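Values in this document were obtained by computation on a predicted structure and should not be read as measured data. Computed from heavy atoms alone, side chains included, the values below leave out hydrogens, waters and symmetry copies. Atoms within each ligand, like the ligands themselves, are counted from 1 in listed order.
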Amino acid sequence: MTHYIQGQWHAGKGHDVASINPANAQTIWTGKTATAEQVNAAVDAARAAQFDWFMLGFDARLAIVEAYRSQLEANKAELAETIAQETGKPQWETATEVGAMIGKIALSAAAYNKRTGTEANDTPAGRAVIRHKPHGVVAVFGPYNFPGHLPNGHIVPALLAGNTVIFKPSELTPKVAELMVSLWDKAGLPAGVLNLVQGEVDTGKALASHPQLDGLFFTGSSRTGHFLHQQYAGHPGKILALEMGGNNPLIIKGVQDIKAAVHDILQSAYISSGQRCTCARRLYVEQGEQGDALIAMLADAVKQIKVGPWNAQPQPFMGSMISETAAKGMVAAQTNLQNLGGMSLVELTHLEAGTGLVSPGLIDVTAIDVLPDEEYFGPLLQLVRYSDFDQAIKLANQTRYGLSAGLLADSREDYDYFLARIRAGIVNWNKQITGASGAAPFGGVGASGNHRASAFYAADYCAYPVASVEADAVSLPATLSPGLSL
Ligand SMILES: NC(=O)c1ccc[n+]([C@@H]2O[C@H](COP(=O)([O-])OP(=O)(O)OC[C@H]3O[C@@H](n4cnc5c(N)ncnc54)[C@H](O)[C@@H]3O)[C@@H](O)[C@H]2O)c1
Ligand SMILES: O=CCC[C@H](NC(=O)CCC(=O)O)C(=O)O
């Protein structure tokens with residue numbers, strides 16, 4: 001089992017790949033990548049299956065998608081454990097990931113009808129009908145940080161809309177992808193409707209550049225997303241949805257309950273070991289005693305965050321990062337900020353060689369004139385002290401990204417002021433900035449996306465509108481246009 005093409009499992013014909021448990025460096029999955037020939041076969045299978053899948057109709061497609069939901073329910077413990085093992089995220093958290101996958105089915109069905117349903121109105125010109133049709137054959141690219149939930153958030157709405165799919169998961173999470181697709185297989189999905197090709201960048205490139213694709217739905221880094229955007233330039237007929245990273249700000253202003261504020265900061269910056277696109281990367285705290293008190297409590301709380309393997313008991317808040325390479329990357333990011341003038345209040349450290357286990361870090365970067373506008377994808381929060389609210393908002397907006405942003409402040413007026421000026425697709429008030437709702441659109445501006453919001457609005461990029469004017473029979477109009485006689 002590795003690749004799933006035309007309803008059959010195939011071994012890869014490319015090179016060897018392995019998946020490593022980042023908490024203990026043990027190999028948990030091995031396989032061979034899909035070659036370009038196998039990618040072609042997957043696209044051919046999706047093309048051959050597409051029209052029949054569409055013609056089944058929404059209700060029949062929904063019935064199969066609901067059978068997949070039953071499979072998710074029946075196998076949720078195994079799926080949560082596999083995600084934990086492969087990503088390093090603690091089990092309490094991967095259980096919520098599987099919960100989000102299950103919840104996605106009803107949300108996507110509702111979104112299909114609400115965002116892309118059918119509407120008919122009688123007009124003097126005839127019956128005006130709006131319908132939606134699938135694009136055809138689409139590729140779904142997934143990231144490693146939510147290897148189940150995020151590809152699922154493209155696949156489910158794409159299939160409901162009548163598309164067929166070729167799924168290329170992150171090379172770091174092949175085992176989760178295999179399990180997820182096996183649940184679709186058990187749900188009775190017709191052959192060719194969903195295909196899985198595994199591999200690294202080569203496989204990704206072979207799929208993304210395939211001329212037979214009608215669209216590509218991508219969740220991943222801004223770097224890869226920009227590369228795909230360039231690749232799709234000159235192809236206006238193909239739909240490209242890009243969900244990318246962020247360099248997300250969180251501003252604190254005039255909060256009485258600093259303990260509650262500290263809690264929201266921890267949940268914003270350190271959940272999933274900082275490996276969420278919505279995580280707070282930059283924290284803006286007012287100069288002065290109240291700010292000092294909040295920072296002292298925050299530093300203390302950061303030091304107390306429990307870090308450990310995904311299956312440790314009692315459960316840690318932070319598991320391992322995805323890999324030792326990622327852990328070393330975060331240490332390097334911190335060193336870079338220190339060299340630029342940042343002062344660590346809590347030092348991020350690589351806890352165990354060979355693993356992705358790191359302790360969380362908090363660094364005061366107020367002294368750095370121009371902060372690197374990078375998404376440091378891990379548990380390192382950059383603190384900036386500000387003197388007035390306008391300055392804080394201006395600094396918060398100094399990023400090419402625009403995914404999430406938040407304000408913790410007791411004043412509604414402050415929030416209205418912030419909301420009007422901040423540039424981001426997710427803007428929260430007195431709530432953590434992670435954990436976005438699947439019942440709302442999810443996407444960012446700037447380098448965070450290409451204006452194709454996902455989650456509840458994923459339905460929009462899964463179908464195109466068809467406008468018709470219809471009558472049961474041809475009929476002559478009461479009056480003919482000047483110059484016509486019949
Ligand atoms: N906005 C969102 O919804 C969202 C959600 C989760 C993660 N992310 C972002 O994802 C990133 C972490 O995920 P990642 O490291 O897995 O992302 P990534 O860009 O490295 O990989 C994403 C996918 O693209 C494939 N890929 C990589 N290079 C490719 C190429 N040249 N051509 C075709 N395919 C290619 C990968 O194999 C993988 O399947 C972070 O930046 C995070 O912010 C964004
Ligand atoms: O890592 C990026 C996604 C993080 C996650 N967002 C969602 O789950 C969006 C909602 C959805 O797709 O259903 C978060 O905000 O924590």
Side-chain angles (χ1 to χ4, degrees), residues 17 33 39 87 89 93 96-97 99-101 103-105 107-108 111 139-154 156-157 167-174 177 197-210 216-232 241-248 267-268 271-272 274-281 321-323 325-326 329 374-378 401-404 406 425-426 428 431-445 447-450 452-458:
V17 273
T33 59
V39 170
T87 61
K89 294 195 286 187
E93 201 190 333
T96 65
E97 177 166 354
M101 292 171 74
K104 185 61 71 180
I105 313 300
L107 283 170
S108 301
V140 168
F141 284 72
Y144 67 75
N145 67 330
F146 279 98
H149 167 51
L150 290 173
N152 191 61
H154 292 306
V156 170
F167 171 33
K168 153 68 182 84
S170 165
E171 53 273 43
L172 299 171
T173 53
V197 291
Q198 306 250 28
E200 297 167 327
V201 174
D202 288 354
T203 309
K205 283 187 173 167
L207 178 58
S209 61
H210 199 290
L216 191 158
F217 307 158
F218 169 84
T219 302
S221 66
S222 193
R223 197 172 63 88
T224 308
H226 278 70
F227 172 83
L228 292 169
H229 195 251
Q230 278 170 3
Q231 195 176 332
Y232 275 62
L242 300 173
E243 316 300 335
M244 304 185 281
N247 185 12
N248 312 307
Q267 292 285 358
S268 298
I271 194 164
S272 310
Q275 298 168 114
R276 286 199 190 195
C277 56
T278 41
C279 273
R281 308 289 173 207
M321 291 191 70
I322 188 67
S323 64
T325 309
E374 295 299 331
E375 181 195 44
Y376 296 128
F377 204 59
Y401 296 99
L403 187 55
S404 66
I426 295 125
N428 288 358
K431 290 285 173 189
Q432 65 192 65
I433 60 172
T434 49
S437 163
F442 183 76
V445 291
S448 296
N450 67 336
R452 304 270 183 208
S454 191
F456 204 74
Y457 282 13

Legend entry - Minimum-distance pair of heavy atoms, taken over all atoms of T278 and G435: OG1-N, 4.3 Å
Legend entry - K89 with E97: basic N within carboxylate O range, under 4.0 Å: yes
Legend entry - Nitrogen or oxygen of T434 less than 3.5 angstrom from that of ligand 2: no
Inset, instruction - Locate the shortest heavy-atom distance separating G443 from L403; write the atom from each residue and the value. - result: C-CD1, 3.7 Å
Legend entry - Winner among S404, S170, G142 once heavy atoms are compared against atom 23 (C) of ligand 1: G142
Inset, instruction - Among all protein heavy atoms, pick the one closest to atom 29 (C) of ligand 1 and tell me residue, atom and distance. - result: T224 CG2, 3.3 Å
Inset, instruction - Nearest 0.5 Å please: distance from the CD1 atom of I433 over to the CD1 atom of I426. - result: 9.0 Å
Inset, instruction - Starting from atom 12 (C) of ligand 1, find the nearest protein heavy-atom neighbour and note its residue, name and distance. - result: F377 CE2, 3.8 Å
Inset, instruction - Using distance alone, determine whether G199 and ligand 1 share an N or O pair under 3.5 Å. - result: no
Legend entry - Proximal atoms of ligand 1 relative to F227 (non-hydrogen, under 4.0 Å): 31 (N), 32 (N)
Inset, instruction - Compute the shortest N/O to N/O distance between C277 and ligand 2 and return yes if it is under 3.5 Å, no if not. - result: yes
Legend entry - Close side-chain approach of E375 and M244, heavy atoms under 4.5 Å: no
Inset, instruction - Nearest 0.5 Å please: distance from the OG atom of S268 over to the CG atom of N248. - result: 9.5 Å
Inset, instruction - Using a strict 4.0 Å cut-off to heavy atoms of P169, name the atoms of ligand 1 that fall inside it. - result: 39 (O)
Inset, instruction - Run the numbers for me: atoms of ligand 1, each under 4.0 Å from some heavy atom of F141, listed by number. - result: 24 (O), 25 (C), 33 (C), 34 (N)
Legend entry - Distance-minimising heavy-atom pair for G153 and K104: CA-CE, 3.8 Å
Legend entry - Top protein contact for atom 36 (C) of ligand 1, by heavy-atom distance: E171 OE1, 3.5 Å
Legend entry - N/O separation below 3.5 Å, R276 to ligand 1: no
Inset, instruction - Show which atoms of ligand 1 fall inside a sub-4.0 Å distance from at least one heavy-atom site of F442. - result: 2 (C), 3 (O)
Inset, instruction - Report the distance from atom OH of Y144 to atom CE of M321, rounding to the nearest 0.5 Å. - result: 5.5 Å
Legend entry - Nearest neighbour of atom 9 (C) of ligand 2 from the list F456, F442, F377, F146, on a heavy-atom basis: F442
Legend entry - Per-residue contact class, N145 against ligand 2 - non-hydrogen pairs under 4.0 Å: side chain
Inset, instruction - May I ask you to check if ligand 1 and G220 share an N or O to N or O distance below 3.5 Å? - result: yes
Inset, instruction - To the nearest 0.5 Å, tell me how far F218 CZ sits from N450 CG. - result: 10.5 Å
Inset, instruction - May I ask you to list the atoms of ligand 2 that are less than 4.0 angstrom from any heavy atom of K104? - result: 11 (C), 12 (O), 13 (O)
Inset, instruction - Kindly confirm or rule out an N or O of R276 lying under 3.5 angstrom from an N or O of ligand 2. - result: yes
Inset, instruction - Say whether A436, considering both its backbone and side-chain N or O atoms, lies within less than 3.5 Å of an N or O atom on ligand 2. - result: yes
Legend entry - N/O separation below 3.5 Å, E200 to ligand 1: no
Legend entry - Close-contact set for ligand 2 against A455 heavy atoms, below 4.0 Å: 11 (C), 12 (O), 13 (O)
Inset, instruction - If you have a sec, work out which protein heavy atom is nearest atom 32 (N) of ligand 1 and how many Å separate them, to one decimal? - result: K205 CG, 3.7 Å
Legend entry - Contact (N/O only, under 3.5 Å) between S448 and ligand 1: no
Legend entry - Contacting atoms of ligand 2, where contact means under 4.0 angstrom from a heavy atom of G435: 14 (C), 15 (O), 16 (O)
Legend entry - Separation between CZ of F377 and OG of S221, rounded to the nearest 0.5 Å: 9.5 Å
Legend entry - Atoms in ligand 1 with a heavy atom of N145 nearer than 4.0 Å: 6 (C), 7 (C)
Inset, instruction - Give yes if a backbone or side-chain nitrogen or oxygen of T219 is under 3.5 Å from a nitrogen or oxygen of ligand 1, and no if not. - result: no
Inset, instruction - Measure the shortest side-chain to side-chain distance between K205 and V201 over non-hydrogen atoms and say whether it is less than 4.5 angstrom. - result: yes
Legend entry - From CA spacing to verdict: side chain to side chain contact (heavy atoms under 4.5 Å, CB included), F141, T224: CA-CA 11 Å; F141 284 72; T224 308; over 6 Å; no
Legend entry - Close N or O approach (E375, ligand 1; < 3.5 Å): yes
Inset, instruction - Can you sort out which atoms of ligand 2 are near H149, meaning under 4.0 Å from one of its heavy atoms? - result: 7 (C), 8 (O), 11 (C), 12 (O), 13 (O)
Legend entry - Atoms of ligand 2 close to T278 [distance to a heavy atom under 4.0 angstrom, numbered from 1]: 4 (C), 14 (C), 15 (O), 16 (O)
Inset, instruction - May I ask you to list the atoms of ligand 1 that are less than 4.0 angstrom from any heavy atom of L150? - result: 5 (C), 6 (C)
Legend entry - Closest protein heavy atom (residue, atom, distance) for atom 15 (O) of ligand 1: Y144 CE2, 3.2 Å
Inset, instruction - Report the nearest protein non-hydrogen atom to atom 1 (N) of ligand 1: residue, atom name, distance rounded to 0.1 Å. - result: M244 O, 2.6 Å
Legend entry - 4.0 Å heavy-atom contact, F146 with ligand 1: no
Legend entry - Shortest non-hydrogen contact from A455 toward A440: CB-O, 3.2 Å
Inset, instruction - Check the pair T33, D202 against side chain to side chain contact (heavy atoms under 4.5 Å, CB included), reporting the backbone distance first and the verdict last. - result: CA-CA 9 Å; T33 59; D202 288 354; over 6 Å; no
Legend entry - salt_bridge(E93, R276) N-O dist < 4.0 Å: yes
Inset, instruction - Look up atom CG in N152 and atom CZ in F167, then write down how far apart they are to the nearest 0.5 Å. - result: 9.0 Å
Legend entry - Numbered atoms and elements of ligand 1 in range of F218, under 4.0 angstrom, heavy atoms: 19 (O), 22 (C), 23 (C), 24 (O)
Legend entry - Distance-only N or O hit between ligand 2 and S437, under 3.5 Å: no
Inset, instruction - For atom 33 (C) of ligand 1, find the nearest protein heavy atom and state the residue, atom name and distance (0.1 Å precision). - result: G204 C, 3.4 Å
Legend entry - Any non-hydrogen protein atom less than 4.0 Å away from atom 21 (O) of ligand 1: no
Legend entry - Protein heavy atom at shortest distance from atom 13 (O) of ligand 1: P143 CB, 3.4 Å
Inset, instruction - For residues A100 and H149, report the shortest heavy-atom separation together with the two atoms involved. - result: CB-ND1, 3.6 Å
